[in-house]
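Presented below is the structure to which this report refers.
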Amino acid sequence: GSGNDGGVSENELLRDVIYALQGIDGRVVAFDKRAQAFAVDPRARVKAGQANLVRRVAELGWLYMRVKAFVVQASAAPSLGLVGQALVGALQGELAEYFKLLAVLEAQVAAGPGAHGQALTLRRLVVWVQDPLVRMKAVAMVADAARGLQGGELVSTIHAFAKHGDPFVAAFVESLLEQVCVPFFAMTSRWMFDGELADPFGEFFVVPNGAASADEAWHGKYELVDGLVPSFVGPDLASDILRIGKSVAFLRRACGVTDFAFDGALVGAWEAVTYASASSQLAGLVAAASDAVNAAVRSTLLGQFKLMPVLDICRRYLLLGQGDFVGYLMELLDDELARPASQVFRHNLLGILETALKSTTPIADAELADKLDVMLLEASPGDIGWDVFSLDYVFTGPLTTIFTNDVRAKYLQLFSFLWRLKRVERHLSSTWQRHVNSASALRQLPELDLVVRKCHILRNEMAHFVFNLQYYIMFEIEGAWTELVELLTSDRTHLDLDAIYGAHEAYIDRILERVLLDGSAEELLSLITQIFALISKFRTTQDVFYDSAMGEVARRAAAEARAYERVLAGEWGTTDKESDASASSYYQLTPQARAQLGAFNVKYDELVTQLIDMLNAQSASALRNLSFRIDFNEFWKSKRSSNP
Amino acid sequence: MLHIGRASQEYQLVEEALYALMGIESEHIRAFPSADGLVFQLASSADVDASIADLLGRILPLASAYSAVTAFVETGSRYEAGLVSHALCAAVRELLNEYLIVVAQLETQFGLGQLNLQKMWFFVQPSLSTVTALATLARSIRDQGARGGSLLSLLHEALEVSAGDSPKRALIEHLLSAASVPYFSALTAWVTAGSVVDPYAEFMVVEHPDMAKDLGLPALSDSYWSERYTLREAKAVPRFLAPHAATILTTGKYLNVIAGCGLPIPSETLLPAGEAAVAYASNEREYAKTIEHAHARAAALLIDVLMRKHALLDRLGSIKRYFLLSQGDVLPHFFEIAADELARPASAVDIEKLEALLELAVRSTSARGDEHKDELGLRLVHTSIASELAHINTAGLPSGSSAGAKAGAGELTGFEAFAFDFVVEWPLNLVISSAALTKYRLLNRHLIKSTRVCKAMSAAWAIHKLTKTAHVQAYFKRAYALRSKMLHFVSSFSNYMFYQVLEPAWAQLTATLAGATSLADVVTAHEAFLNAALKECLLTHPELLKLLTKLMSTCSIFVDYTAHLSATLSLDGDSIFVIPPGLVDSAVEGLEEEAAIAQALAVRREHAAAAVDTTATVLDDKYHRTLAKFEENFGYHMRLFLQTINLLSGTEKHLAALFATFDFNGFYGDALGLFSYA
């Protein structure tokens, strides 16, 4: 050491500096709160160079104080969390290392100067503290940034510090991450392999949604918190992890599959994952776990819970794909549903449904067939049975995850539209029957030829429309169905429950959209509804007209017969009073019907032209196809251009 | 300090100098802040012996240099300075620690009373050179604001200029190899996985993440290739990597294409066996070899994806089938069923309907077996071929603006505007880009046009054929001759395009592609094919294209005229070439069918004879004048066309072949007197 000229000796200073390095004030070196630094007491007789050197070295003490303060504060915080605890533990380990160094230094100071000629001096101390200084700077930096953070967010914050080109700093931050990530990986594996959250402090990026109902076991119960996803995991992997845990929970709880377990090697590999190996292994392990659980979910749904047959039943019955059944059911229901809605009873209808099921193409799986159900919609005043009748299906167990209430509502909506279309079709065929049955009789009323012919043409036009609309809808349903089947039965392991649900939802949404029920084409839908209504009205009017005409035919025949009788009786074969009275109603009715039918014709033309225009203006090519279909020979187009 | 003795002065100043060498200010040796750090100087108030001051004056610059380097390490270690700077500073810090040990050793000497300024000067010599070299580097780094790649360039330059000074060279080499570690690990990640790991924007490849999605959109994907990853400005590329920059860029891009196809990248196979990373080496050839290896491997992987997984050749075959009309039956069938729609002005054509008809045409012809038929679409191009040519401006293609800029008078019909379209998905659109498709469409329309004229000429021939039976051939003889010249012209030109241009070029393309080793090869070969096809089909020579268009339109007007003429040569509005419909009806009702037709024909002959008698004299004069005009017009343009071809054929081989096709029997050559000079 330097010669002592009555001032503070170097050894004394050294002792004070070692104190300062532990954040303790010494005799001449003390912490100056104002300057936030250790300084030599200006009154002490210390040479300027020495004082400056002391200040320099004591910077390490100041850094130590910062870290210490963080550790104390964080340990006391009740919301520290598991990741925070790990961080505090790691920092305490750092400080322990630091104290070990100080102990060594102190021993050298205590040994006093000149013991070996290699005693500690202030300048030597500078050399000694270079590395601890860099390290403590990094620790302090992390501690400052970590204040108040928790869980995934904390991990991400520390991870940001790892992006340093200095191998020393990078290695230090990585060793810190190594420890900090341990609880995080533990939570993740618990979630992925058991579908359980072991997260007392809300640090994990998957959180339960307390508000979700039991029905939403899959869809709303767990959510991802973006801010808690560690940056080295990233949003894509995080959502995979979320889904894996959900799938496991779904399998175990909703499906009651008790024997599902991940491959032992996978679990083992996962348990060995550390921060260092995460970047190379995490994606692969998550993908492997994902594939395994997806395959299990899919095979459970498709196998044990018969998803495909159920979907098929929905298509064939709820979407009226099974032609013979629908026809027969309608026939059976004809009388029952003609009653006011309030007089229609579900148990009667269930019986009819059963009859219809029995006498048409059977459903292979009787157990599934039993779940077909009848539902009566809420009746509005004036509704009859037809308006409130709906087929339904009772979904149970995990299938409710696919067929959520939303999805079921969509099926009901589709059923009600398709059912109405079928009814309109039936109306048209009944008018045709009427027409054919009375054709020969009506020849006796040549004055009606024109009207009858007009009726016939209008009916044909309507039938063309209904037929093509139906063809279009069936074509769209079949197209969507083929795609769905292809997707669900392809052996792609990526197909998770969300994707299965999504595929089915997309299927039903696509049909809704194509059938104009998705709310995006209300004007079109209202036009079609008006056309339906017109067809029904047309049928009633034609019935009245035919009734009256047939009455007239009968009246004439009777009158003739009576006249003939009179002739036979030797009287004049003229008409009698009685038949004249009913004839007057016929003569009154005929022009009325004619006018009405004419009005229908005009209205129908107007509606269809409007519909075609609107369809042509649509951007969806499927709808434009519908317009080609309805107007295949440009009949409507020429009609429109001839009278603009 | 003169009051104390020289020895005491020196003793005290040695002690203070030891502080200064650690960057600490003391009583007499004061520190003054400067741009680099602290500058240490003997305080002017300290009156010291001149020789001591002088000696101290030599040592103190080391203290200033140390302070400058410390300041440099301080700022250079901050996060924003970047990984290269961090790594460099870490290496420098190591050196500074060694320096501090030297100072501590000096102190020990001092404690033993064995140190004076002279000795000190002697002992700090090695440190002096190191630390001052570091300070010089630090200053130029700071002055140039060098970071990342430019920092490495700067170190590399320093290395080159110190080749003779071996300790300094060793020092800088040590720094360079330490500083380049993060850069090379980013490089390794890029050339083995195609990923950009670059938190501080230092790496030579810049990723533009906003271009990441929608790989399927054709509009995006062309630019995706060129814009998703780009090289940073030249300054930011380390000098020693600059020669490999393009190779490095394409290597990672290839890998990204593979990843974009959803395929895994076999990262471990990209580096030569036994190497774990691309690492800096003073011998450039070492890492150059590694990079080349990765590039070749990535190129081979991508070629495999393109050729095998995405069957590029197959797809090109499909495109050729439709665009270059090598599948004979789709287009005629389509034109037949869509004739009404296509005859309208292009803007009035209902595209949806055409699409439906095209689908029908594809499904009802031999093309239904083509697995790429669903990618086929159509498009109406509302500008003429010439003006569209003016729009594409490709290297190797002379701009056709002089001829094409003038928009064709009147609107195009559906037939003229029609071209096929094709959905090319990622990654094939790297080869079949939208620019390439535009060229295909041009060729498509060009070929359709000449095929249609060809067909119309055949129709004219059919009309003429009918006139032979109608006792009017004498009257039509002149027209026959012209028609046969025209037919020769259009069919020769068609044959030339199909069999002398497209087929050989196609054969060459497929041969080249089979041997291609990189995407660049494939793209170049494909572009060369298209450019050659455009050029040899005369689309790129404005003058020739103009003449060709003229000749074609003369031919089609002539066909129209022939049809019109035949209609004029009729009686009571019924063409002589058409059996009057009433006749057939009445005939069929009464007689056997054959007999009916025989009778119909007989009647028709009578009608025809009468027609000629009555109209020939009226038309004679006008007819001959019109015909003469056609002959003159066609002859004039044909001569001009052939002259131009002949003129250019000296340098353009394909034109010589074209000339030979037209003039297989020397007819035109004689007529033009072209060879009389020879």
Side-chain angles (χ1 to χ4, degrees), chain A residues 1-3 5 10 47-57 113-114 117-131 133-134 137-138 141 160-171 279-280 283-284 287 494 616 618-625 627-629 634 637, chain B residues 11-12 15-31 73 76-79 81-91 93-94 96-108 110-112 178-179 181-183 185 197-200 202 350-353 355-356:
Chain A
S2 60
D5 48 2
E10 172 128 359
K47 280 189 258 177
Q50 260 179 331
N52 288 339
L53 199 57
V54 165
R55 210 164 35 227
R56 162 85 77 83
V57 176
Q118 285 284 325
L120 192 66
T121 64
L122 276 172
R123 292 194 188 84
R124 271 180 194 287
L125 193 58
V126 171
V127 180
W128 273 103
V129 299
Q130 285 306 311
D131 283 348
L133 197 61
V134 176
K137 262 188 195 161
M141 184 174 67
F161 288 112
K163 292 170 188 153
H164 203 285
D166 184 335
F168 189 80
V169 176
S279 66
S280 59
H494 298 300
N616 283 337
Q618 294 289 317
S619 51
S621 67
L623 286 176
R624 300 192 56 186
N625 262 330
S627 113
F628 291 149
R629 202 162 255 305
E634 303 202 337
K637 201 171 182 179
Chain B
Y11 180 83
Q12 198 169 339
E15 193 189 3
E16 289 200 17
L18 285 173
Y19 284 122
L21 289 180
M22 293 189 139
I24 301 289
E25 192 180 36
S26 53
E27 201 177 344
H28 298 102
I29 302 178
R30 314 302 301 263
V73 170
S77 300
R78 290 190 194 140
Y79 274 87
L83 299 176
V84 174
S85 174
H86 299 160
L88 174 65
C89 288
R93 209 177 51 228
E94 291 290 316
L96 291 183
N97 282 353
E98 281 169 26
Y99 161 81
L100 285 177
I101 290 168
V102 171
V103 178
Q105 280 165 352
L106 288 177
E107 192 201 14
T108 312
F110 178 63
L112 297 172
V181 167
Y183 202 92
S185 79
V197 185
D198 186 20
Y200 305 106
E202 298 169 285
D350 187 337
I351 298 252
E352 303 257 340
K353 201 161 187 175
E355 276 165 357

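Note that the coordinates shown come from a computational prediction; the quantities given were computed from them, not determined experimentally. Throughout, a chain's letter reflects where its sequence line sits, starting with A, and its residues are numbered from 1.
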Check whether any side-chain heavy atom of Leu53(A) lies under 4.5 Å from a side-chain heavy atom of Tyr19(B), and answer yes or no. yes

Looking at chain B, which one of Ala48(A), Ala51(A), Gly165(A), Ala160(A) has the largest number of heavy-atom pairs inside 4.5 Å, strictly under? Gly165(A)

Using 4.0 Å as the upper bound for N to carboxylate O, is an ion pair formed by Glu16(B) and Lys47(A)? no

Check the angle between the aromatic planes of Tyr200(B) and Tyr79(B) and answer parallel, tilted or perpendicular using the 30° and 60° thresholds. tilted

If the test is side chain to side chain contact (heavy atoms under 4.5 Å, CB included), which one of Val126(A), Val127(A), Thr121(A) qualifies with Arg124(A)? Thr121(A)

Leading residue by heavy atom contact count with chain A [cutoff under 4.5 Å; candidates Cys89(B), Pro182(B), Ser77(B), Ala20(B)]: Ser77(B)

Which atoms of Arg56(A) are under 4.5 Å from chain B, going by heavy atoms: the side chain, the backbone, both sets, or neither? side chain

Ile29(B) portion near chain A, given a 4.5 angstrom heavy-atom threshold: neither

